[in-house]
Amino acid sequence: MSVVAGEGVSMEINKDYFADSPQGKPHIAHLKFRVIPDAETRLAELMTGGIDWAWRVTSDQAVDLKGIPNLTVTSGETMRIGFLILDARGTSSENSPMKQLKVRQAINHAINRNALATQLVGGEAKPLQVACYPAQFGCDTSAATVYNYDPAKARALLAEAGYPNGFETEIFAYRDRDYVEAIIGNLRAVGINAKLRFLKYAALRDQQRGGKVPMSFQAWGSFSILDTSASAGTWFKGNPDDNIKDPQVQGWLQTADNDLDPQVRKDNYRKALQRISEQAYWAPLFNYSMNYAYTAELAFKPYPDELPRFVQSSWK
Amino acid sequence: MLGFLLRRLGIAVCVAITVSVISFSLLHLSGDLATAIGGPEASSEQIEQIRVQYGLNKPLPTQYFNWLGDVLRLDLGNSFFFQESVYNLVASRLPITLGLGAMALGIALLVAIPLGVLAAVKRDTWVDRLALSIAVLGQAMPSFWFALMLIVVFAVTLKWLPVSGNSTLLHFVMPAIALGYYATPAIMRLTRAGMLDVLSSDYIRTARAKGLRPARVLFKHALRNALIPVVALAAVEFGFMLGGSVVIETVFSLQGIGQLAWDAIARDDFPVVQAVVLLIAVIYIVLTLLADVLNALLDPRIRVR
């Protein structure tokens, strides 16, 4: 194996690898990873046979590539989820509308999750109502209050909260600007005029931890761990990223993360997820999808943890 | 001449220091570097560890002067992301960028000078207008778009050239054309202006009156003099090309200084960004200095100013 920093990695097959290994022996003799920063160039390389496999193919590119006969395009669901954090404690401003439950519920009803997932994210992305990835241990989707896309209800909730004409606010983000702009459009349709503050991640994190953010778009991959402790457990357990600091939720998550009895864990995660959803601390939006494009001669299967397993791949 | 040279050198040092202070400040203004290096999934403890490990917990002036002191000893530090000496990273990438710049400049000169001469000789005809149109197009077209169009035509459709990478000389053809075309308009216009100026001068009239062949008048007498300012401009354009290579190297995945800068900026790899910005600034300053000295040697009036 050889690694050249910033350029790529070359690997040769280890024929003496344990025959009884659970993952099995590899089949591909040579693997060469190349760093090609530009998405269009990656596409051109794939079309001309310069490379055999590419990931992070954008959804519009994936549609185009599906028409090319010698290429296979696969979409794989990933553990990464997209969500809005709403400033329920009102730390960003004393009179923050986000302090009101009805406003947070209105935001949840204002967003067209289905359109976001299918039209923008594409592939295997699915709308999300719960503060974890559904396949994670303890992520009980039935615990979530379902906030359907209902702009009329959102407007009514805003009126009940004392904002019949909506309000002005800011939405912070560090990635996926196009998704955030679609969310801003949804919010504007119900009267919430959210101004985009697009920052680098480090700057956003400083602001978020300092409690200066009324609403932010975030994405979370749970460290590729299939357990709710890596999602809700990371964002609501009193750590610096927990903007909500709900003692009840913290207590349930503490128990769920530390108990050895699976049923106790499940019950406590359920209680925590239920309250997070009832209180609309977040607006969970969708789980991300990863598009892969590769030569039709390659057998490849994607996994939700975003780790490509070339050891299981082979030439047809 | 010595006084002029010392004055210019003093200015060059001030510019280099200003550039380093600005890039240092901008990087630190873009958010907490330790958080950026750790990424979204790093814990608070890990971020604190990164802060201490890379000395980011010290006051900003201390960090800057420590860095400056190291640079003066040619120690550019270690890359946060690549975990390698920045000096080695830069040294391994610089030849690719310089090679690309030289090829691009060669292409720019080969296209721009004949076009400039032709435009001057055929002044106010359709040839002149066509040459000017080519120049305007070169200035107006974004280099990344032009680069992608080259890929579509020569790599994807015709399959004459490889799409990306830097393993053979063929890999440099499209990047050099894309980068060189950007410099063509300025060189062409200066050649045209210089030629028009020279062609109306007395000694050209004398040369023609002597009965010299038109080609000899044009290339031996006129062009040699018209090209003097072009030499200085070419030096400056070469500096521009090194800066512009960030986009071109990223599109063509050339492992040069430009792509290194791109990677480093995307990952807040502060020592690499600082080193690349300083290096490109120094190269640009040296080239500008050379251009100034060249102009001063050729035109004594400049030395007095």
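Proteins get letters first, then strands, A, B, ... in listed order; numbering begins at 1 in each. Note that the coordinates shown come from a computational prediction; the quantities given were computed from them, not determined experimentally.
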S.K.: Tell me, for A/S222 versus chain B, whether the close heavy atoms (under 4.5 Å) come from the side chain, the backbone, both or neither.
M.R.: backbone

S.K.: In terms of heavy-atom proximity below 4.5 Å to chain B, should A/R42 be classed as side chain, backbone, both, or neither?
M.R.: neither

S.K.: Does a sphere of radius 6.0 Å around CZ in A/F33 hold more than 12 heavy atoms from other residues, nucleotides or ligands, not counting ones at 6.0 Å or beyond?
M.R.: yes

S.K.: For B/V86 and B/N78, which heavy atoms make the closest approach, and how far apart are they?
M.R.: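 Looking at all heavy atoms of both residues, the shortest contact is CG2-C, 3.7 Å.
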
S.K.: Run the ring-centre check on A/F286 versus A/Y179 and record whether the distance is less than 6.0 Å.
M.R.: yes

S.K.: Which of the residues A/I36, A/D241, A/N239, A/V4 is involved in the greatest number of heavy-atom pairs with chain B at under 4.5 angstrom?
M.R.: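 Maximum pair count with chain B is reached by A/I36.
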
S.K.: Considering only heavy atoms, which portion of B/Q259 lies under 4.5 Å from any heavy atom of chain A: side chain, backbone, both, or neither?
M.R.: side chain

S.K.: Who wins among A/R205, A/K200, A/Q207 for the most heavy-atom pairs under 4.5 Å with chain B?
M.R.: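 Of the candidates given, the most pairs with chain B belong to A/R205.
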
S.K.: Sort A/V3 into side chain, backbone, both or neither according to what part of it lies under 4.5 angstrom from a heavy atom of chain B.
M.R.: neither

S.K.: Looking only at non-hydrogen atoms, find the nearest pair between B/Q274 and B/S20 and report the distance.
M.R.: NE2-O, 3.6 Å

S.K.: Assign the ring pair B/H28 / B/F270 to parallel, tilted or perpendicular, where the plane angle (0 to 90°) is split at 30° and 60°.
M.R.: perpendicular

S.K.: Is it the case that the ring center of A/Y281 lies less than 6.0 angstrom away from the ring center of A/W235?
M.R.: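 For A/W235 and A/Y281, the ring centres are not under 6.0 Å apart.
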
S.K.: Applying the salt bridge (charged side-chain N to carboxylate O under 4.0 Å, His left out) test to A/K237, which of A/D242, A/D257, A/D246 qualifies?
M.R.: A/D257

S.K.: If we define contacts as heavy-atom pairs under 4.5 Å, which of B/V251, B/L260, B/I47 has the most with chain A?
M.R.: B/V251

S.K.: Check whether A/F223 gets within reach of chain B through its side chain, its backbone, both or neither, counting any heavy atom under 4.5 Å.
M.R.: both

S.K.: Do you know which of A/R209, A/E45, A/M47, A/E40 has the most heavy-atom pairs under 4.5 Å to chain B?
M.R.: A/E45

